[in-house]
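Quick notes on the structure that follows.
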There are 2 protein chains.
Amino acid sequence: MTNSQDDTIASRISRVLAERIISGALPPGARLRQDHLAEEFGASHVPVREAFRRLEAQGLAVSEPRRGVRVAAFDLAEVREVAEMRAALEVLALRHAIANLTPAILDRAAEATAAADAARDVRAWEAANRAFHRLILEPCAMPRLMASIDDLHAASARFLFSAWQSSWQPRTDHDHRAILAALGNGNGEEAVSILGRHVQWIGRTPVRNATGETREIFSIVG
Amino acid sequence: MTNSQDDTIASRISRVLAERIISGALPPGARLRQDHLAEEFGASHVPVREAFRRLEAQGLAVSEPRRGVRVAAFDLAEVREVAEMRAALEVLALRHAIANLTPAILDRAAEATAAADAARDVRAWEAANRAFHRLILEPCAMPRLMASIDDLHAASARFLFSAWQSSWQPRTDHDHRAILAALGNGNGEEAVSILGRHVQWIGRTPVRNATGETREIFSIVG
DNA sequence: AGCTTCAAAATTATAGATAATTATTCCGGT
DNA sequence: ACCGGAATAATTATCTATAATTTTGAAGCT
């Protein structure tokens with residue numbers, strides 16, 4: 001439920017904090033202290049608390065009454081969960097979007113795909129990838145559905161940044177191209193079916209622990 | 001995202017308001033005035049505002065900055081949207097729940113079905129119906145998914161109460177029985193397929209307007 | 001009568017202050 | 001040294017107060 005262009009201080013704070021959590025600047029478990037944040041934003045803690053409630057609803061923060069708010073933790077199970085929810089909802093959105101897709105939209109989606117392939121870091125890739133998905137899904141004209149998908153994309157992005165903090169190697173997204181080809185040919189159900197599999201693709205990368213051990217980190221790459 | 005058992009005043013207010021909105025006691029478009037609510041709950045408006053943020057995230061209220069908060073309006077398009085989202089997500093949940101279903105759970109789900117059939121008013125029917133769905137889906141062990149489904153159930157219930165305010169005629173739920181039968185036979189995919197259709201069933205009832213005109217009201221009945 | 005303009009009232013948004021709760025530190029006992 | 005427990009500090013949750021904005025309503029004008 002990302003209804004946010006409004007100018008209220010609370011929503012501005014919530015946007016900035018969401019950005020920090022997603023980017024990893026605020027790591028899982030980090031405490032969000034209302035007074036400190038209020039001071040940083042030059043505001044009182046009333047709007048800060050309201051921002052907390054929205055982050056909570058988005059699944060980015062967890063609040064324990066009287067003990068404060070923390071950045072939500074996550075594990076492989078949640079990465080999987082978000083991937084499957086995205087698959088289910090994006091498939092639904094695409095089915096409804098198909099009738100409203102125009103060649104112009106498909107062209108812009110192709111540009112987004114090219115931008116993703118050319119991306120040299122995770123952030124650029126994520127932005128282009130998100131643009132692709134939004135472009136082909138938005139025409140479904142289902143605002144509540146799109147809001148849910150946006151929140152799931154935020155979660156996906158967080159998993160992604162957490163895994164590929166520094167290491168990112170360009171890849172050619174064959175799924176995106178296949179989806180666009182199917183859509184261009186009027187073969188909607190094939191596009192839907194590829195999208196459903198595509199979103200559930202979970203990438204893995206090894207990372208070195210502080211103690212020197214190596215373990216695998218997982219994230220949604222699609 | 002209905003994380004609510006906590007004792008904070010804001011969450012209590014949010015629960016009570018959600019209940020009023022769902023039941024129709026607060027009709028679509030009704031203004032929610034922070035001072036009045038604060039006085040009613042014997043609190044200040046700070047926790048009231050926090051409750052607003054949660055209702056907003058649940059899609060039960062709409063806030064226009066500096067112009068106040070209103071109970072969210074809805075139309076046939078949103079009834080359809082919620083029905084389709086529920087279908088997509090409940091199907092996903094059931095697929096994962098199947099492996100964890102026990103005969104005891106199926107028995108309780110059968111009881112819930114019987115209770116729904118026996119219900120003499122909408123409220124009783126809704127409670128029993130919700131219990132049925134929760135029982136067979138909960139074992140999916142996907143908390144984020146279940147939270148989304150809960151929010152969609154709240155929206156469904158609102159549509160339902162809005163349509164069948166006074167008129168309710170008992171019905172025998174063949175879908176529920178068919179789902180349970182399929183689950184009992186180890187025929188999971190059939191159960192999933194029936195559930196997917198079932199949740200999208202939209203009931204219609206004629207209602208008389210204040211001006212004497214009659215029009216049809218729609219709601220999710222499943 | 002109907003519209004416009006301005007002032008009063010109501011309401012929202014935020015700040016500042018206070019009480020209550022939780023975390024931390026430091027000290028004495030074992 | 002280590003553990004437990006008061007005293008202190010930090011933090012949350014809430015209330016009261018103030019500023020800013022919007023709505024309401026009435027007077028004056030065409």
Side-chain angles (χ1 to χ4, degrees), chain A residues 1-21 25-73, chain B residues 1-21 25-73:
Chain A
M1 220 93 312
T2 318
N3 163 31
S4 326
Q5 227 60 319
D6 21 61
D7 89 67
T8 142
I9 295 183
S11 77
R12 190 172 60 88
I13 296 176
S14 129
R15 269 199 306 280
V16 174
L17 290 181
E19 156 65 24
R20 287 185 196 167
I21 294 172
L26 285 170
R31 293 193 60 174
L32 300 175
R33 271 166 294 212
Q34 51 183 218
D35 286 6
H36 298 192
L37 291 168
E39 192 182 12
E40 178 191 337
F41 286 101
S44 85
H45 44 238
V46 177
V48 173
R49 292 178 59 84
E50 290 183 37
F52 285 170
R53 297 289 92 83
R54 183 177 311 183
L55 295 172
E56 220 184 328
Q58 286 179 294
L60 294 176
V62 174
S63 156
E64 283 186 281
R66 309 226 155 246
R67 329 193 95 213
V69 176
R70 295 176 170 275
V71 175
Chain B
M1 220 91 314
T2 319
N3 165 31
S4 323
Q5 226 59 319
D6 22 59
D7 89 64
T8 141
I9 294 183
S11 78
R12 190 172 61 87
I13 295 176
S14 129
R15 271 199 306 278
V16 173
L17 291 181
E19 156 64 25
R20 285 185 196 167
I21 294 172
L26 285 170
R31 293 193 61 173
L32 299 175
R33 271 167 293 213
Q34 49 183 220
D35 287 7
H36 298 191
L37 290 167
E39 192 182 14
E40 177 191 339
F41 286 101
S44 86
H45 48 238
V46 179
V48 172
R49 291 178 59 84
E50 290 184 36
F52 286 170
R53 296 291 93 83
R54 182 177 310 183
L55 295 172
E56 219 184 329
Q58 286 180 292
L60 294 176
V62 174
S63 157
E64 284 186 281
R66 308 229 153 244
R67 331 191 92 212
V69 176
R70 296 176 169 276
V71 175

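Below, read A as the first sequence line, B as the second, and so on, with proteins coming before strands; counting in each chain starts at 1.
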Next on the checklist: Output the rounded distance in Å from CD (A:Glu50) to C1' (D:dT12).
Outcome noted: 16 Å
Checklist entry - Given atom CZ of B:Arg66 and atom C1' of C:dT14, what is their separation to the nearest angstrom? => result 8 Å
Item to check | Atom pair CD1 (A:Ile9) and CD (A:Glu50), whose distance is rounded to the nearest 0.5 Å | outcome: 10.0 Å
Next on the checklist: Quick check: on DNA chain D, is the nucleotide nearest A:Val46 upstream (toward 5') of the one nearest A:Phe52, or the reverse? Name the residue that is more 5'.
Outcome noted: A:Phe52
Item to check | Minimum-distance nucleotide (side-chain atoms of A:Arg33 versus D:dT11, C:dT12, D:dT14) | outcome: D:dT11
Checklist entry - A:Leu55 versus B:Arg53: any side-chain heavy-atom pair under 4.5 Å? => result no
Checklist outcome for this item: Here the distance between atom C1' of C:dA23 and atom NE2 of A:His36, to the nearest Å, is 13 Å
Checklist entry - Among A:Ile13, A:Leu60, A:Leu37, A:Val62, whose side chain to side chain contact (heavy atoms under 4.5 Å, CB included) with A:Phe52 holds? => result A:Leu37
Checklist entry - Under 4.0 angstrom, heavy atoms only, what part of the nucleic acid is A:Leu37 near: base, sugar-phosphate, or nothing? => result nothing
Checklist entry - Atom CG of B:Asp7 and atom C1' of D:dA13: how far apart are they, to the nearest Å? => result 10 Å
Next on the checklist: In whole Å, I'd like the distance from the CD atom of B:Glu39 to the P atom of C:dT12.
Outcome noted: 13 Å
Checklist outcome for this item: When rounded to whole Å, the CD to C1' distance for the pair B:Gln34 and C:dA13 reads 7 Å
Checklist outcome for this item: Here the distance between atom P of D:dA13 and atom CZ of A:Arg53, to the nearest Å, is 7 Å
Checklist entry - Could one point to a donor on the side chain of B:His45 or the base of D:dA17 with an acceptor on the other under 3.5 Å away? => result yes
Item to check | Which residue lies more 5' along DNA chain C, comparing A:Arg67 with A:Ser44 via nearest heavy atoms | outcome: A:Ser44
Next on the checklist: Within the 4.5 Å heavy-atom criterion, are B:Val16 and B:Glu19 side-chain neighbours or not?
Outcome noted: no
Next on the checklist: Could you tell me how far apart A:Ile9 (CD1) and D:dA20 (P) are, to the nearest whole angstrom?
Outcome noted: 12 Å
Checklist entry - Do the side-chain N or O atoms of A:Arg49 get closer than 4.0 angstrom to the phosphate oxygens (OP1, OP2) of D:dT12? => result no
Next on the checklist: When you compare the side chain of B:Arg54 with that of B:Ser11, does any pair of heavy atoms fall below 4.5 Å?
Outcome noted: yes
